[in-house]
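Within every chain, numbering begins at 1; the chains are lettered A, B, ... in the order of the sequence lines, protein sequences first and strands thereafter.
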There are 2 protein chains.
Amino acid sequence: MHREERAVLERYLKERGLKMTAARETVLEAFLGLETHVTVDDILEAARALDPGIGQATVFRTMKLFADAGLAREACRDDGGRQYEHAWRHAHHDHLTCVDCGKVVEFVDPAIEKAQEAVYRRYGFTSSGHRLELFGRCPDCSKKRSR
Amino acid sequence: MHREERAVLERYLKERGLKMTAARETVLEAFLGLETHVTVDDILEAARALDPGIGQATVFRTMKLFADAGLAREACRDDGGRQYEHAWRHAHHDHLTCVDCGKVVEFVDPAIEKAQEAVYRRYGFTSSGHRLELFGRCPDCSKKRSR
DNA sequence: TCCTTATTGATAATGATTATCATAATCATG
DNA sequence: CATGATTATGATAATCATTATCAATAAGGA
């Protein structure tokens, strides 16, 4: 299962003299088996379902590693803890979040992406990623409000 | 000093039966006297310069209040603690951050804003703000890298 | 297999934020 | 302008997410 991601991880590890371990395999399987937008505790729970001996610190460490290896993307939430989403073969996308019910729509907008490139050029910056979150009310919650 | 912001705060407080206090005045002055992008500790330090008796918890509470009153905007940083920036009569803007030296450029791009409106319409959402952060390398750091 | 080095899990430590609570300040009202 | 109901404060403890420490273990090249 998840042979491709495993290969990515192994290459990453070998390149810097790190080791492939049982714990790392377990966390990888747990993470990939979950939906995107998960917290470390979600991953810990899933990992312990596969191997009850996994420690919390290991999940923190391992997810950081995955982020660096390009397997996960991390984002801070205003409230609780960090969240992770799948990054391997998951195209970049932005988020549209409902401030009332919390629903999240993932989207990609070429016009936005293009305009961002123009901003980088304007200030002479080299691009290395961005984070865009649109907040608003989804159709349902908008309706409820205006009633 | 800062009569307008003070009036905003007073109206906000009165509307919900809250009280204007010396501590809130002090924190307001301290916050407005600082540059934007400040942490709670920055504000605490500035507030204690005006009144050494101010408690840390009060600053946390008060800044939350200010954010709700539209005087401050808060944003989470991936690393350390929350940061606040001025919100009253400070036009909305986005951030372009250098991942090497930490330099921050504030910008507004009409094309991006327009494209975002289109996204809201596409999904039937009502807009209530957004957060955009572009990451990259500033001209200086780009040069250093390519050497 | 052996040996060096990285990794693990448990636990303590940290740092940011929030809750608690007794005391003090605010302000609408009489 | 004194009163009283209520909110706010500051000190402290509590919580939550995350990181550091460390002795014991596992990986993997020689």
Between [options], which one does the side chain of [X] approach most closely?
X     : options                : result
A:K19 : C:dA6, C:dA25, C:dA10  : C:dA6
A:Q56 : D:dA26, C:dT8, D:dT18  : D:dT18
A:F60 : D:dA17, C:dG9, D:dT7   : D:dA17
A:A57 : D:dA27, C:dT11, C:dT17 : C:dT11
A:D41 : C:dA16, D:dA17, C:dA6  : D:dA17

>> Applying a 4.0 Å non-hydrogen cut-off, can you work out what A:R61 is touching in the nucleic acid: base, sugar-phosphate, or nothing?
In response: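 The residue A:R61 makes base contact.
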>> Within the 4.5 Å heavy-atom criterion, are A:V119 and A:F125 side-chain neighbours or not?
In response: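 A:V119 vs A:F125: side chains apart.
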> Can you tell if the side chain of A:W88 reaches within under 4.5 Å of the side chain of A:L32, non-hydrogen atoms only?
Replying inline: no
Considering just the side-chain nitrogens and oxygens of [X], establish if one lies under 4.0 Å of OP1 or OP2 belonging to [N].
X     : N      : result
A:K64 : D:dT19 : yes
A:R82 : D:dA17 : no
A:T21 : C:dA6  : no

> Is B:R16 positioned over the aromatic face of B:Y12, cation under 6.0 angstrom from the ring centre and no more than 45 degrees off axis?
Replying inline: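 Checked: cation-pi criterion met.
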> Separation of A:Y84 atom OH from D:dA17 atom P, in whole Å?
Replying inline: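 After rounding, the gap between these two atoms is 14 Å.
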>> Measure CD/A:E10 against P/D:dG29 and give the value in whole Å, please.
In response: 11 Å
>> Does the plane of the ring in B:F107 sit parallel, tilted or perpendicular to the ring in A:Y123? Use 30° and 60° as the thresholds.
In response: tilted
